[in-house]
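Report on the structure given below.
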Amino acid sequence: MNVVIQKHNGLWHLMVGSCQIRTPFLETQDRELVVNYARRAYPGARIFQRD
C-alpha cells in the first residue's frame, strides 16, 4: 500500500488510494510527526511526500 503525504489548505493530508484523509497536524508542524502518524495508522505502507 502507498500513502502520500501532502500539504493542503493549511493541514497535512494523507492520500490513500482515492481517499484524502485530513490529519490533525498543521502544515507548519514537522513532517516527521505526520510520517509517524501515517506509520501507526497504516503499518507496512510505503510513504511518499508530494509538494
Side-chain angles (χ1 to χ4, degrees):
M1 176 188 327
N2 294 335
V3 175
V4 177
I5 298 172
Q6 181 177 1
K7 293 179 185 179
H8 184 68
N9 290 338
L11 294 172
W12 286 98
H13 288 76
L14 303 179
M15 301 292 291
V16 182
S18 62
C19 299
Q20 183 175 2
I21 303 165
R22 184 174 57 190
T23 67
F25 302 107
L26 298 174
E27 72 175 21
T28 56
Q29 290 178 295
D30 190 27
R31 177 185 170 274
E32 193 61 34
L33 290 172
V34 183
V35 170
N36 287 333
Y37 178 82
R39 288 189 196 281
R40 280 183 280 146
Y42 301 99
R46 291 187 305 182
I47 299 173
F48 301 96
Q49 182 176 357
R50 181 182 298 167
D51 292 328

**OP:** Answer with yes or no whether the hydrophobic clustering places Phe48 together with Val34; edges join I, L, V, M, F, W, Y residues whose side-chain heavy atoms lie under 4.5 Å apart.
**Re:**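 No.
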
Original post:
Are Val4 and Phe25 connected in a single hydrophobic cluster, I mean Ile/Leu/Val/Met/Phe/Trp/Tyr linked by side-chain heavy atoms less than 4.5 Å apart?
Top reply: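 The answer is no; the residues belong to distinct hydrophobic clusters.
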
Subject >> Interatomic spacing from CG in Asn2 to CZ in Arg46 - rounded to 0.5 Å >> reply: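 Reported value, rounded in 0.5 Å steps: 4.5 Å.
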
Original post:
NZ/Lys7 to OG1/Thr28 distance, rounded to the nearest 0.5 angstrom?
Top reply: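 That separation rounds to 8.5 Å.
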
Report, one line per pair, each donor and acceptor closer than 3.5 Å where one atom sits in a side chain of residues 8-15; sequence neighbours left out.
{"unit_1": "Trp12", "atom_1": "NE1", "unit_2": "Leu26", "atom_2": "O", "d": "3.1"}
{"unit_1": "Trp12", "atom_1": "NE1", "unit_2": "Gln29", "atom_2": "O", "d": "3.4"}
{"unit_1": "His13", "atom_1": "ND1", "unit_2": "His8", "atom_2": "O", "d": "3.4"}
{"unit_1": "His13", "atom_1": "ND1", "unit_2": "Leu11", "atom_2": "O", "d": "3.4"}

Original post:
So which heavy atom on Ile47 is nearest to which on Val35, and how close?
Top reply: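 Closest pair (atom of Ile47, atom of Val35, distance): CD1-O, 3.9 Å.
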
Subject >> side chain to side chain contact (heavy atoms under 4.5 Å, CB included) partner of Gln6, chosen from Glu27, Gln49, Arg50 >> reply: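 Considering Glu27, Gln49, Arg50, a side chain to side chain contact (heavy atoms under 4.5 Å, CB included) with Gln6 is found only for Arg50.
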
Show me, pair by pair, the donor-acceptor contacts under 3.5 angstrom made by side chains of residues 36-44, not counting sequence neighbours?
{"unit_1": "Asn36", "atom_1": "ND2", "unit_2": "Glu32", "atom_2": "O", "d": "3.4"}
{"unit_1": "Arg40", "atom_1": "NE", "unit_2": "Asn36", "atom_2": "O", "d": "3.4"}

